Amino acid sequence: MERTRTRPGAAVFLMLILGHLGNALEVPLDPKVLEELAQPPTITQQSPKDYIIDPRENIVIHCEAKGKPHPSFSWTRNGTHFDIDQDPKVTMRPRSGTLVVDISGEKAETYEGIYQCTARNKHGAAVSNNIVIRQSRSPLWSKERNEPIRVQEGEALVLHCRPPAGLPPPIIFWMDVNFQRLPQSSRVFQALNGDLYFSNVLKEDSRNDYICYARFPHTQTIQQKQPITLLVLNHGLAEERKPTFLIPSGSSSSKLVLRGQVLELECITEGLPTPEVSWSKLSGEFPDKRTSIVTFQKILRIVNVSDADAGEYRCTAHNRLASVHHTIRVTVKAAPYWLTTPRNLVLAPREKGQLICRASGTPKPTINWAMNGIPIENSPEDPNRKVEGDTIIFEEVQTGSSAVYQCNASNEYGYLLSNAFVNVLSETPRVLTPANQVYQVIRNNHALLDCSFFGSPIPKITWFKDSQSSTLEGDPYLLHENGTLEIYVAQAFNSGKYICVARNTLGIAENHVYLEVKEPTRILKQPKYKVAQRNRNVVFECKVKHDPTLIPIMIWLKDNGELPDDERFLVDSDSLTITDVTENDAGTYTCIMNTTLDHDSASAELTVVEAAPTPATIYEQPDPPTDLELTDMKPRSVQLTWIPGDEHNSPIHKFVIQYTDSLHDHGHWHNLTHVPGSKTTAHLELSPYVHYSFRVLALNAVGLSDPSNPSHMYKTNPAAPDENPSGVKGFGTEHDNLMILWKPMSGLQANGPGLQYKVMWRQKDVDKNWTSVTVANVSKFMVSGTPTFTPYEVKVQAINNNGIGPDPAVVTGHSGENLPVQAPDNVQVLVLNSTLAEVHWEPVPPKTVRGHLKGYKVSYWRERSLHKHNPHRVEQQLLTFSGNKSHGMLPGLQPYSLYLFNVRVYNGKGEGPASSNLQFETPEGVPGRPSFLRITNSNLNNLTLEWGPPNDLNGHLTGYILKYQQVNNSNELGPMEELALPANKTSVTLPNLKYSTRYKFYFNAKTGQGAGPVITEEAVTIMDEVLMYQPSVDEVGGGNTRTQTSPPIAGSPPRHPFHTVHPAAPAFGNVSSSVGENGMLINWEYWGAEKHVYVEYIVKNDNTLGEEEWQKEYVNGSQAYVLKGLKEGLSYRVRMVAKGHDDQAVLHQSEELLVTVPAMPSRQVDIATQGWFIGLMCAIALLILVLLIICFIKRNKGGKYPVKEKEDAHTDPEFQPMKEDDCTFGEYSDTEDHKPLKGSRTPSNGTVHRDSSDDSLVDYGGGDGQFNEDGSFIGQYSGKSSIRETAEGPSPVNTTTMNSFV
């Protein structure tokens, strides 16, 4: 049985929106923020520096940038302005700098050159790299006739390839006329330059089809050299030769390679017998994982070269005659590479910052700065800017000094260019994280609460929890630089509301998020291993406990896959039942309980055995091992052997070795180690001064065996301690003592009798010598007479009768604390708003704390309201600010009030004296909810509302706001009416209302700071109905209230809110029916207030159904409904009913209506008379006529076309486009005779068939192909087709005359 549990943490990724560098910050990615912020241009996409283009396709040179306002774009070509408007072939994409060059009718080489893009807005200009545009080239092989090569057997030979130079260079390979790769070995191999080398030739090397192929990957072209014929002569036995180097020549050479590139060293030798080649590095070892030796040991390859790869490499070639060496000195140079890339700066006015541009290379690159694309020495002077080599320092930047700076690092091997802007902004803080976001996390996992922010200057982030005023800092909280608050191990008490506050010199912003800590999912009862007989049933149980607020999903798997789609598998909420078990049901079953936050799983195996009468195999726990024996006994180890017991048809997985110590812990067995089930011997590491007895238990799939009988006792000799006590710490319990504590060592750790402890201490940075005392086996020691709160170094060493333990570690502690003696000075208060104030103080000197500074406590209380004759003193409140703080926030203040407060410091001992009481006043705020709202004097078309002023005025009332709207029977709200009322009124009468209509009222008070929370009420204007009164307002949450209708009471008391009951007249009327195509349409009128309205029907004269068997359909508030599915020719009784909220009691019922469903004759439809059929036939006829006309026109346009026109249209001899319809080329002429290659197999249809070999040219080309006489390969090997097509029609062409396939 296996079990796995996943406890993911909060599924929140740390989105590091704000990257800080010094005092700088990045502009956020939030589009709402970006819309409002000015930003210099930033290049977001550009083409590569070395851009090789395909001459058959339009040229696209990318240049994309962002900025606010959106940047404009311009280009230079070969260092001068490139006027795009003057070239009709060049266009620029809208809102982009990307150029598109239409090369139809033009040669691509016309647009070769060096291009550079500039993106500009009013805040600066960013520039791209220099983009070098070059056309790819795949020139034809020069015409040549290869004479047969005759060579004596045993001689060395080189077959030269010499492919045409292309851009980029071609890939070379050798094949025969049948497109099969020529076999290579340590004797015959291809060099890096493409030549084919023979260390010595053999008679079997004679053949007439050595063919070199050159593949130009950029233009998808394969070129073929004329076949070479090799004749090996045999004029006697060849003389053996010692090895000689062909490449490189001589005894030494040198090689230059750039950092990051691939180093390839080549050693090609000749000799007879064939020499063997080996490699070594004289100045060190080959780098692991980056080195490979290929091509039959001829080539040493090192990828991603670093400076450490420089040095001398030796190539050794030897045969039985001699051994020769060649030394290659490798020098590593480096194009510039970044150490520190300059980053964008966002600074507030008068802030400081710096741009750093550091690069390395060999030789060391030079750094050049530019501003907005102009060398910085030619840019306008700025006294606040100073350039110091690779750094630009900004002092007190000014508004309007935004710009884009370019850093260029270059040496002889290349250059790097980077843009970085300096954006000078003044922005109040903003919290970008959505408000009221809820984070959920499983208990004991870490939680991440996001507070993404932006502002300039950079805001400071502080976190608060619920109504607490102390900031969340220190264990268990971690505040990340990007504002995210991390809780290391979330517990249930961490749930609640968290407030993130962002503050800079321009303002303050806050956001609320919520954390919910959930209980983990656990499988309480796991499925167990089962052995079932065939055709029996088996049940796997899986009982789970999970957080009640999470929705669990139970999944069962078989062998890590889905359960078979078989009705025999029955899944219940906490079990899996398999009925009629078969052999195919055997396997591992896993139950997985998933929630949205975590999951738990457990597995068990099912074994299916034959049913009776064949006896089932019995699987049981193994028998205990026997015959335990101790051998190879040493002071600290012993060898234990045993004999396994019966496995009972289940293999033993492992043996568990346990021990007991009769000297220190007699009778208690402890696990010592375990070994695999295939072993019967264990080497046991022992401790000194222990009286060991061992026993062994066996474990198989069923479970553990009983323990074996104990072994003989083995006593180890005592020794000096191997360790010292742990948990050493020093602290004071009084102001003049030092308590030293440690965790006592066990008898097993003591290593011998007479365990004692040597306790040592000294005053830190004052005493040089240690004071020590040796104590018995205790766990603490008190040092008296120490100065107050003084650091001490302490250590504790173990001692026994056999010696002392190792040198103990030194721990720093402090003597006892005393109360602080000084109150904070310079206490001030800053009132931020009507409910929040910020208190500042000057921290007390550390010496006066006389202990660990725990923080500061601010006591404050509301002395009174600022309204006259309104004393309202409340009890004192206390806020604690942990750590060495100099300010704190006082939240939850009452607006328009006078407050007093004081500040005091506290340490571990207690609080110090308080500062003098200071006072401050809070400004006006919004008022509280009105104390009551009553509706009285209801008439046909008017109502009177009465109210009381708020209990919490929070300032001077300026008036009231009354809003009201109608509510219809479907609870839909009508248009809102609004009425402003003066502060001195306590009632109002609303005239001209609709009679017998429900109204909803919204009422609140306002001060100069705005309107307060709303109180709501509903009432109905009367007709001639009995009144019923409503209890007082039910206020919920933020003031959204709703009254519910009470049972009617006659004679309701006056001056209470009231509603009306419906009149006693019938609630249904005008019930009628009509027959439609879809069924029977029932119409009615309804005046009742109940929303549960049904249409009920039953077959007339159906005495088999009782009253409760009426069929009913819910009509959802409408006044018409179609009854479907009624049987033709039958009569039905139909009635309307309205029921109460419980959907049981019938409150209203209409008179019954008798309806008859007529018998409808089936309609026979003649398809030939249908309009859609006639239209379809006409469309088909018209389509056939159009196709006939097109075929007739194409037949009359056939014929041959002049070859000269096609030659004039394509004058580039290096480019012959292929036609897509028949895979042939345009017209081509060749003055030489064109004969097929000897041995070639070219069917009449022009295709070349691949034979059974796996290594053929088709593998290199990827498609069908053929050759012409001069060796050109015709066949598209990558599947890519040209996008350019000629305007002429197809002309007949002899495919064997072509030299290339593009």
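Please read all numbers here as calculations on a predicted model, not as lab measurements.
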Between [Y] and [X], does any NZ, NE, NH1 or NH2 come within less than 4.0 Å of an OD or OE carboxylate oxygen?
X: Asp309; Y: Arg290; result: yes
X: Glu109; Y: Arg137; result: yes
X: Glu312; Y: Arg314; result: no

I'd like to know whether the aromatic ring centres of Phe296 and Phe189 sit less than 6.0 Å apart in this structure.
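Not under 6.0 Å, so no.
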Mind running side chain to side chain contact (heavy atoms under 4.5 Å, CB included) on Ser280 and Tyr313 for me, showing each step along the way?
CA-CA 6 Å; Ser280 62; Tyr313 294 78; over 6 Å; no
Any donor-acceptor pair under 3.5 Å from [X] side chain to [Y] backbone:
X: Trp75; Y: Gly97; result: yes
X: His326; Y: Phe245; result: no
X: Ser379; Y: Pro375; result: yes
X: Asp390; Y: Arg358; result: no
X: Gln184; Y: Thr295; result: no
X: Trp369; Y: Gly389; result: yes
X: Gln46; Y: Asn129; result: yes
X: Ser128; Y: Cys117; result: yes
X: Thr110; Y: Lys107; result: yes
X: Lys66; Y: Pro71; result: no

Intermediate values then yes/no, side chain to side chain contact (heavy atoms under 4.5 Å, CB included), Leu355 and Leu345
CA-CA 8 Å; Leu355 291 177; Leu345 288 179; 3.8 Å; yes
I'd like to know whether CD of Glu377 has more than 12 heavy-atom contacts from other residues, nucleotides or ligands below 6.0 angstrom.
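Yes, because the 6.0 Å sphere around CD of Glu377 holds more than 12 heavy atoms from other groups.
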Got more than 12 heavy atoms from elsewhere within 6.0 Å of CZ, Arg329?
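Check fails, neighbour count at 12 or below.
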For Phe453, is the NZ or CZ atom of Lys460 found under 6.0 angstrom from the centre of its six-membered ring and inside 45 degrees of the ring axis?
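Here Lys460 fails the 6.0 Å and 45° test against Phe453.
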Sub-4.5 Å side-chain heavy-atom contact between [X] and [Y]:
X: Tyr197; Y: Leu246; answer: yes
X: Val90; Y: Val100; answer: no
X: Ile328; Y: Trp279; answer: yes
X: Ser360; Y: Pro336; answer: no
X: Ser251; Y: His325; answer: no
X: Ser410; Y: Pro365; answer: no
X: Thr484; Y: Cys451; answer: no
X: Val424; Y: Pro349; answer: yes

Rounded distance [0.5 Å steps], [atom1] in [X] versus [atom2] in [Y]:
X: Phe216; Y: Ile171; atom1: CZ; atom2: CD1; answer: 10.5 Å
X: Tyr51; Y: Arg134; atom1: OH; atom2: CZ; answer: 13.5 Å
X: Phe454; Y: Asn504; atom1: CZ; atom2: CG; answer: 10.0 Å
X: Lys289; Y: Asn304; atom1: NZ; atom2: CG; answer: 13.5 Å
X: Ser104; Y: Asn58; atom1: OG; atom2: CG; answer: 6.5 Å
X: Asn344; Y: Leu347; atom1: CG; atom2: CG; answer: 11.0 Å

Could you report the tightest heavy-atom contact between [X] and [Y], atom names first, then the distance?
X: Trp174; Y: Cys161; answer: CZ2-CB, 4.0 Å
X: Ala119; Y: Ile43; answer: CB-CD1, 4.1 Å
X: Trp338; Y: Cys357; answer: CZ3-SG, 3.3 Å
X: Cys212; Y: Ile172; answer: SG-CG2, 3.4 Å
X: Pro69; Y: Lys122; answer: CD-CE, 4.1 Å
X: Pro41; Y: Asn121; answer: CD-OD1, 3.2 Å

Check: Thr433/Asp450 side-chain N/O donor and acceptor closer than 3.5 Å
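Side-chain D/A pair, Thr433 to Asp450: present.
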Where at least one partner belongs to residues 396-409, residue pairs that pass side chain to side chain donor-acceptor pair (under 3.5 Å), sequence neighbours excluded
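Every pair satisfying side chain to side chain donor-acceptor pair (under 3.5 Å) with a residue in residues 396-409: Arg350-Glu396, Arg385-Tyr405, Ser402-Asn423, Gln406-Asn419.
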Strictly by side chain to side chain donor-acceptor pair (under 3.5 Å), give each pair with a member in residues 86-96 just once, sequence neighbours left out.
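Only Glu64-Ser96, His70-Arg95, Asp87-Tyr111, Ser96-Thr98 qualify under side chain to side chain donor-acceptor pair (under 3.5 Å).
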In terms of the angle between their ring planes, are Phe82 and Tyr115 parallel, tilted or perpendicular, with boundaries placed at 30° and 60°?
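The arrangement is perpendicular - the two ring planes meet at more than 60°.
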Show me, pair by pair, the donor-acceptor contacts under 3.5 angstrom made by side chains of residues 255-268, not counting sequence neighbours?
from, atom 1, to, atom 2, distance (Å)
Glu264, OE2, Arg301, NE, 2.8
Glu264, OE2, Arg301, NH2, 2.8
Glu266, OE2, Leu192, N, 2.8

Please evaluate residues Phe394 and Val422 with respect to the criterion side chain to side chain contact (heavy atoms under 4.5 Å, CB included), reporting the C-alpha separation (whole Å), side-chain torsions for both, the decisive distance (0.1 Å), and the verdict.
CA-CA 10 Å; Phe394 299 93; Val422 176; 3.7 Å; yes
Can you list the steps and then say if Val277 with Thr269 is a side chain to side chain contact (heavy atoms under 4.5 Å, CB included)?
CA-CA 8 Å; Val277 177; Thr269 61; 4.1 Å; yes
